[in-house]
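Before any comments, here is the structure.
Atom set for the values below is all heavy atoms of this structure, side chains included, hydrogens, waters and symmetry mates excluded. Counting starts at 1 for both ligands and their atoms, following the listed order.
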Amino acid sequence: MEALITLLPGDGIGPEVTAAAHRVLKTVADIHGHTFTFDVRLIGGAAIDKTRNPLPADTVASCMESSAVFLGAVGGPRWSGPHVSVRPEKGLLELRSVLGVYANLRPVLVIDELIDASPLKPEYLSGVDLIVVRELTGGIYFGKKTRDETLATDLCTYHTHEIERIVRVAAKLATGRRGKLCSVDKANVLETSRLWRDVTDKTIAREFPDIEVETLLVDAAAMHLLSRPKDFDVIVTENMFGDILTDEASMLTGSLGMLPSASLGDSARGLFEPIHGSAPDIAGKDIANPCGAIASAALLLRHSLGLASEADMVEGAIRKAIQAGARTADIATAEGTSLSTTAMTDLIIDQLN
Ligand code: IPM
Ligand code: MN
């Protein structure tokens with residue numbers, strides 16, 4: 001097949017992990033006879049430096065023309081602090097909004113060989129296979145903000161239709177998995193959460209009566225994720241809770257660097273990014289873990305290009321490389337050596353060939 005893919009390397013380790021995903025996508029195209037064309041554009045701090053805009057118009061235009069968008073990471077100390085008027089993160093939030101990608105899928109799958117890399121006890125980890133469906137274009141991230149000398153506000157808003165559509169995505173996913181859905185809110189305190197709970201209950205009762213539903217308050221969910229992670233199948237939650245819970249959940253897999261994500265809307269065009277940030281402390285050193293980025297490329301193949309077997313192959317290659325002992329520093333054992341980003345990517349590509 002032919003596909004145009006926009007690459008947005010961004011900031012910090014973004015360019016390094018994007019290069020890894022790019023190499024994997026090129027290898028998949030060569031092996032399977034596809035023609036992927038890549039268009040590299042600016043976003044985030046890199047875009048602010050060159051254009052003073054974290055999401056330049058030509059970046060948006062490229063994304064709108066492409067079949068899928070891959071993003072590395074945005075942000076860094078150079079573009080944060082009191083003196084800064086526009087932040088890199090604004091570019092990413094606007095992009096999610098412009099693309100209409102309201103459903104952020106964050107799979108958390110424990111690979112047995114990495115159990116040692118997690119600070120948690122092994123008996124809790126083997127067999128963990130859950131997916132967090134994070135609402136991505138609403139809530140406190142997108143509400144009106146105010147700030148003066150002594151007062152700041154962030155408004156959290158949710159419409160019924162925004163809750164219905166994300167619950168449908170999560171329930172459909174659960175239907176194809178173990179049929180279990182856990183909805184996370186803070187309905188004992190927040191009005192938006194009370195609406196979230198009502199709409200979730202009604203939508204499930206009306207459209208997905210066969211699904212087993214559990215509701216948790218977000219503080220309890222944070223604890224249950226560590227005390228009984230294997231019980232979870234699909235977790236659905238609002239934007240900020242999903243952001244926080246997935247960084248927590250990543251430690252089940254051994255490292256934040258392992259987790260991929262797919263952001264989807266009503267069209268096939270998705271935005272794919274590892275869930276880690278720009279990690280400025282290790283940027284430019286060729287030591288970042290490329291697995292989350294490469295697994296995001298697999299999600300791109302599956303969800304935007306409809307190439308399910310190619311996606312399976314990429315996920316299999318990551319697993320096999322790890323099973324063969326390949327480790328970047330974040331997942332290395334005390335006695336083992338750790339590979340560079342480039343060398344880790346080489347070993348994953350070897351598994352593809
Ligand atoms: C993420 C990131 C972003 C978010 C930042 C960079 C705006 O933390 O994708 O999880 O909060 O959504
Ligand atoms: Mn995050």
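If you look at the Mn ion (ligand 2), the protein N, O or S atoms less than 2.8 Å from it are Asp243 OD1.
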Pair up each side-chain donor or acceptor in residues 35-49 with any protein partner under 3.5 Å, not counting sequence neighbours, and list the distances.
{"unit_1": "Asp39", "atom_1": "OD1", "unit_2": "Arg41", "atom_2": "NE", "d": "3.4"}
{"unit_1": "Asp39", "atom_1": "OD1", "unit_2": "Arg41", "atom_2": "NH2", "d": "3.4"}
{"unit_1": "Asp39", "atom_1": "OD2", "unit_2": "Arg41", "atom_2": "NE", "d": "3.0"}
{"unit_1": "Asp39", "atom_1": "OD2", "unit_2": "Arg41", "atom_2": "NH2", "d": "3.1"}
{"unit_1": "Asp39", "atom_1": "OD2", "unit_2": "Ser62", "atom_2": "OG", "d": "2.6"}
{"unit_1": "Arg41", "atom_1": "NH1", "unit_2": "Asp58", "atom_2": "OD2", "d": "2.7"}
{"unit_1": "Asp49", "atom_1": "OD1", "unit_2": "Arg78", "atom_2": "NH2", "d": "3.3"}
{"unit_1": "Asp49", "atom_1": "OD1", "unit_2": "Trp79", "atom_2": "NE1", "d": "3.0"}
{"unit_1": "Asp49", "atom_1": "OD2", "unit_2": "Arg78", "atom_2": "NH2", "d": "2.6"}

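By the 4.0 Å N-to-carboxylate-O rule, Arg269 lies too far from Glu65 to be salt-bridged with it. Look at Arg197 and Glu238 and you find no salt bridge, because none of the NZ, NE, NH1 or NH2 atoms lies under 4.0 Å from a carboxylate O. Look at Glu207 and Arg168 and you find a salt bridge, because one of the NZ, NE, NH1 or NH2 atoms lies within 4.0 Å of a carboxylate O, short of that distance. The pair Asp266-Arg165 fails the salt-bridge criterion, with no side-chain N (NZ, NE, NH1 or NH2) lying under 4.0 Å from an Asp/Glu carboxylate O. Checked for salt-bridge contact, Asp185 and Arg194 miss the test: no charged N lies under 4.0 Å from a carboxylate O. Salt-bridge formation is not detected for the pair Glu315/Arg319: no Lys NZ or Arg NE/NH1/NH2 atom is positioned less than 4.0 Å from an Asp or Glu carboxylate oxygen.
In Arg134, the part holding a heavy atom less than 4.0 Å from any atom of ligand 1 is the side chain.
Closest to atom 9 (O) of ligand 1, if we only count protein heavy atoms, is Arg96 NH2, 2.8 Å. Residue, atom and distance of the protein heavy atom nearest to atom 4 (C) of ligand 1 are Tyr141 OH, 3.5 Å. Residue, atom and distance of the protein heavy atom nearest to atom 8 (O) of ligand 1 are Asp243 OD1, 3.4 Å.
Leu217 belongs to no hydrophobic cluster, as no Ile, Leu, Val, Met, Phe, Trp or Tyr side chain comes under 4.5 Å of its own. Applying the under-4.5 Å side-chain rule to Ile, Leu, Val, Met, Phe, Trp and Tyr, the cluster around Ile140 extends to Leu93, Tyr141, Phe142, Met240, Ile244.
Residue Glu89 has no nitrogen or oxygen atom sitting less than 3.5 Å from a nitrogen or oxygen atom of ligand 1, judged on distance alone.
The closest approach between Arg106 and ligand 1 falls below 4.0 Å for a heavy atom of the residue.
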